[in-house]
Amino acid sequence: GRHVMLESPLFLLSALGVLAYILAREEEHPPLVLLLLAGFFAAAAGGVKLQGLIVLAAMVVDLLIRRRAALVASVLLGALI
């Protein structure tokens with residue numbers, strides 16, 4: 001039994017990160033705490049399995065495409081916490 005099922009924590013943390021990001025994305029001036037949480041949960045998902053970092057990359061790309069590069073720092077700061 002050394003095999004551990006990591007999909008459940010990966011999905012939970014990814015879902016929490018995406019939820020926080022979607023809630024922040026809907027706002028004209030997103031609350032900093034939501035962006036920090038989004039980055040934190042996405043980075044935590046990446047800590048569980050490397051594939052979790054796709055969520056963080058998608059958030060950064062979405063912000064850059066929408067020309068909101070100033071908010072990228074908030075997401076990445078949350079990832080560093």
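Residue L53 is grouped with residue V18 when hydrophobic side chains (ILVMFWY) are merged at heavy-atom distances under 4.5 angstrom, including chains of intermediate members. Note on L37: it does not cluster hydrophobically with V72, by side-chain heavy-atom contacts below 4.5 Å among ILVMFWY residues. Linking Ile, Leu, Val, Met, Phe, Trp and Tyr whenever their side-chain heavy atoms come within less than 4.5 Å puts L50 and V60 in one cluster. Cluster membership for L76 and I54, using ILVMFWY side-chain heavy atoms within less than 4.5 angstrom, is not shared. V61 and L63 are assigned to two separate hydrophobic clusters, defined by single-linkage of ILVMFWY side chains at heavy-atom distances under 4.5 Å.
For R68 against P30, the heavy-atom pair with the smallest separation is NH2-CD, 3.4 Å. What you find for L56 and A79 is that their closest heavy atoms are CD2-CB, 4.0 Å. Of all heavy-atom pairs spanning L10 and A45, the tightest one is CD1-O, 3.5 Å. V55 and A42 get closest at one heavy-atom pair: CG1-CB, 4.0 Å. Taking both residues in full, the closest heavy atoms of M59 and V75 are given as SD-CG1, 4.2 Å, listed atom of the first, atom of the second, then distance.
A 4.5 Å side-chain heavy-atom check between D62 and R25 finds at least one atom pair inside the cut-off.
Rounding to the nearest 0.5 Å gives a distance of 10.5 Å between CG of L13 and OG of S8. Rounded to the nearest 0.5 Å, atoms OH (Y21) and CG (L71) are 8.0 Å apart. For the atom pair L35 CG and F40 CZ, the distance stands at 15.0 Å (nearest 0.5 Å).
Heavy-atom contacts from other residues, nucleotides or ligands closer than 6.0 Å to CZ of R67 number 12 or fewer.
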